[in-house]
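A short write-up of the structure that comes next.
Here is the naming used below: chain letters follow the sequence lines, and residue numbers restart at 1 for every chain.
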2 protein chains.
Amino acid sequence: MEKSVLGVEKRKSVAVPEPAIRRMPSYLTLLRQLRNDGLEYISAPRLAVHLDIDPTQVVKDLAYTGATGRPRIGYVVADLIEILEEFLGFNRKHEAFIIGVGFLGSALIQYQGFREAGMKIVAAFDTDKKKIGTDIAGVPVFDLAKFRDLAGRLHITIGIITTPAASAQQIADLMVGWGIKAIWNFAPVSLKVPSHVIVQNTHIYSNLAVILNKLEQLKKAE
Amino acid sequence: MEKSVLGVEKRKSVAVPEPAIRRMPSYLTLLRQLRNDGLEYISAPRLAVHLDIDPTQVVKDLAYTGATGRPRIGYVVADLIEILEEFLGFNRKHEAFIIGVGFLGSALIQYQGFREAGMKIVAAFDTDKKKIGTDIAGVPVFDLAKFRDLAGRLHITIGIITTPAASAQQIADLMVGWGIKAIWNFAPVSLKVPSHVIVQNTHIYSNLAVILNKLEQLKKAE
DNA sequence: ATTTAATAAAGAAAAATATCTTTATTAAAT
DNA sequence: ATTTAATAAAGATATTTTTCTTTATTAAAT
């Protein structure tokens with residue numbers, strides 16, 4: 001934990017390890033399920049068995065959220081859910097734009113699960129005349145060309161890119177110009193953006209590469 | 001590097017770090033683009049700038065594939081592409097089943113990009129009568145019920161799960177029974193499978209959690 | 001031919017992450 | 001009331017991954 005000269009914790013010290021953040025939604029999903037099953041308390045070791053991870057890791061991850069459990073009992077399921085939702089921001093509203101209304105884009109627009117995380121896609125953009133003017137699950141599809149020179153800053157913070165790889169960078173530039181603060185990129189490219197803009201990549205090929213590599217190792221081990 | 005009693009390297013020693021595997025498709029995508037732009041040679045430092053990662057990391061990642069470059073010149077783009085494709089298995093054929101023909105399932109079935117990686121979804125399964133009997137982009141949708149007791153082992157190695165979370169585990173059990181070797185799970189649950197079966201999770205919430213967390217940190221830093 | 005600068009490659013160090021160990025707590029059993 | 005066993009929490013260790021450093025190579029410039 002980094003300390004400043006005066007001994008006061010720096011803001012940076014709030015940072016929670018990314019792997020821990022990535023695990024938290026799994027805890028939340030499992031806990032919601034356990035709550036629906038009527039469970040009141042759950043211990044870290046039991047959560048660990050469910051999720052097949054190290055028990056102490058569960059304790060540490062949960063400690064980051066400020067949750068405290070009681071020995072011999074564990075955590076109060078309902079409380080832990082609330083704490084996690086609050087910590088992850090899943091109980092707040094997050095509005096997003098999506099650019100690229102292909103198969104993946106449509107799927108994300110229609111994905112009901114985002115509601116569980118407070119995220120709402122409020123508008124979609126594309127260059128395809130056939131798609132412009134339609135709406136997908138209530139989300140209107142606009143002509144990207146008309147929004148190129150969008151004046152003024154928007155209150156939308158998240159931009160989702162589901163365009164082909166070739167146009168992803170220029171879309172990212174556009175989003176930066178719009179004042180988007182975080183870009184969720186599904187196109188298989190690395191985007192160049194100013195340092196104050198967050199980029200989160202979801203590269204489908206990376207996952208596939210890991211699968212194929214493990215399969216290959218399995219073959220070799222035979 | 002683990003050694004056996006006799007000092008001979010164990011098979012396990014072939015293992016390449018997963019983070020390196022995850023980065024490799026990015027190299028491949030970029031290299032294909034550079035090749036299309038007519039570039040013949042590329043050095044690791046230049047690749048590093050493109051991808052915004054450490055130059056030595058690029059060298060090390062590429063070294064895992066067996067690729068060798070020349071000082072002052074770099075790597076031969078065309079050769080490197082081939083080496084990476086071979087290493088990742090993207091130049092071989094990988095057939096897969098998908099279970100769950102919702103928005104995400106349909107999107108994956110229609111996703112042309114999988115061809116770039118040699119993966120082909122050959123059949124889809126669902127329990128929805130409306131979907132059964134149809135086909136999506138040439139991929140037939142079968143009644144899952146009819147395949148429950150599929151006799152004998154299949155030559156299909158990869159099973160993709162895009163069902164709701166609630167049914168994911170039973171689908172995984174089914175796939176294990178079919179002799180599927182690797183499961184690519186998009187449902188937000190941890191699957192319990194025998195140790196010889198590979199599970200790769202693509203949890204959309206994890207990515208979202210990271211984005212929201214970074215946004216939160218950004219806010220705090222203001 | 002010699003020098004120079006860019007680079008691959010190998011090795012060392014640092015940072016991040018996960019796992020293991022110990023201690024203190026506390027509900028339940030005795 | 002006392003003991004026991006399960007557990008959270010804190011700390012230490014180990015592992016993994018990344019970054020830094022050094023060395024050797026080689027194409028291009030002199």
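Here the straight-line distance linking atom NE2 of His50(B) with atom OG of Ser190(A) works out to 9.5 Å at 0.5 Å rounding. Atom-to-atom distance recorded for Asp52(A):CG and Leu47(A):CG is 13.0 Å, nearest 0.5 angstrom.
Along DNA chain C, read 5' to 3', the first and last nucleotides having any atom under 4.0 Å from a heavy atom of chain A are dT17(C) to dA28(C).
Among residues two or more places apart in sequence or in another chain, the ring pair (Phe, Tyr, Trp, His ring centres under 6.0 Å) test is passed with Phe97(B) by Phe125(B), Trp178(B). With sequence neighbours excluded, the residues that form a side-chain hydrogen bond (donor to acceptor under 3.5 Å, both in side chains) with Thr56(B) are Asp54(B). By the ring pair (Phe, Tyr, Trp, His ring centres under 6.0 Å) test, Phe87(A) pairs with no residue at all, sequence neighbours left out.
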request  = Before giving the answer on salt bridge (charged side-chain N to carboxylate O under 4.0 Å, His left out), spell out for Glu40(B) and Arg35(B) the whole-Å C-alpha distance, their side-chain angles and the decisive distance to 0.1 Å.
outcome  = CA-CA 7 Å; Glu40(B) 270 194 81; Arg35(B) 178 182 54 185; over 6 Å; no
query = Between Leu88(A) and Asn213(B), does a side-chain contact (heavy atoms from CB on, under 4.5 Å) hold up when you go through it step by step?
reply = CA-CA 7 Å; Leu88(A) 292 171; Asn213(B) 182 256; over 6 Å; no
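Near DNA chain C, defined here as any heavy-atom distance below 4.0 Å, the residues from residues 49-62 of chain A are Asp54(A), Thr56(A), Gln57(A), Lys60(A), listed numerically. For the contact set between residues 63-82 of chain A and DNA chain C, defined by any heavy atom under 4.0 Å, the members are Arg70(A), Pro71(A), Arg72(A), Ile73(A). Non-hydrogen atoms lying under 4.0 Å from DNA chain C are contributed by nothing in residues 200-208 of chain A.
Between Trp184(B) and Val199(B), the closest side-chain pair of non-hydrogen atoms is not below 4.5 Å. Contact of the Ile158(B) side chain with the Leu215(A) side chain is registered, since non-hydrogen atoms from C-beta on lie closer than 4.5 Å. Side-chain contact check for Leu84(B) versus Leu31(B): some heavy-atom pair is nearer than 4.5 Å.
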Residues 66-81 of chain B, side-chain donor-acceptor partners within the protein, below 3.5 Å, at least two apart:
none

Distance-only donor-acceptor hits, side chain of residues 103-110 of chain A, under 3.5 Å, sequence neighbours excluded:
| from | atom 1 | to | atom 2 | distance (Å) |
| --- | --- | --- | --- | --- |
| Ser106(A) | OG | Gly102(A) | O | 2.6 |
| Gln110(A) | NE2 | Ser106(A) | O | 3.1 |

Please report, to 0.1 Å, the donor-acceptor pairs under 3.5 Å made by any side chain of residues 166-175 of chain B, with sequence neighbours excluded.
| from | atom 1 | to | atom 2 | distance (Å) |
| --- | --- | --- | --- | --- |
| Ser167(B) | OG | Pro164(B) | O | 3.4 |
| Gln169(B) | OE1 | Lys192(B) | N | 2.8 |
| Gln169(B) | NE2 | Asp173(B) | OD1 | 2.8 |
| Gln169(B) | NE2 | Lys192(B) | O | 3.0 |

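Residue-level contact check: Arg23(A) touches the backbone only, with heavy atoms under 4.0 Å from sugar-phosphate atoms and none from bases.
The pair Glu18(B)-Arg22(B) meets the salt-bridge criterion, with a side-chain N (NZ, NE, NH1 or NH2) lying under 4.0 Å from an Asp/Glu carboxylate O.
Listed by first and then second residue, the salt bridge (charged side-chain N to carboxylate O under 4.0 Å, His left out) pairs that reach into residues 23-34 of chain B are Arg23(B)-Asp61(B), Arg32(B)-Glu85(B), Arg32(B)-Glu116(B), sequence neighbours excluded.
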Secondary-structure notation, DNA chain D, from Watson-Crick and G-U pairs under 3.5 angstrom (| other strand) = ||||||||||||||||||||||||||||||
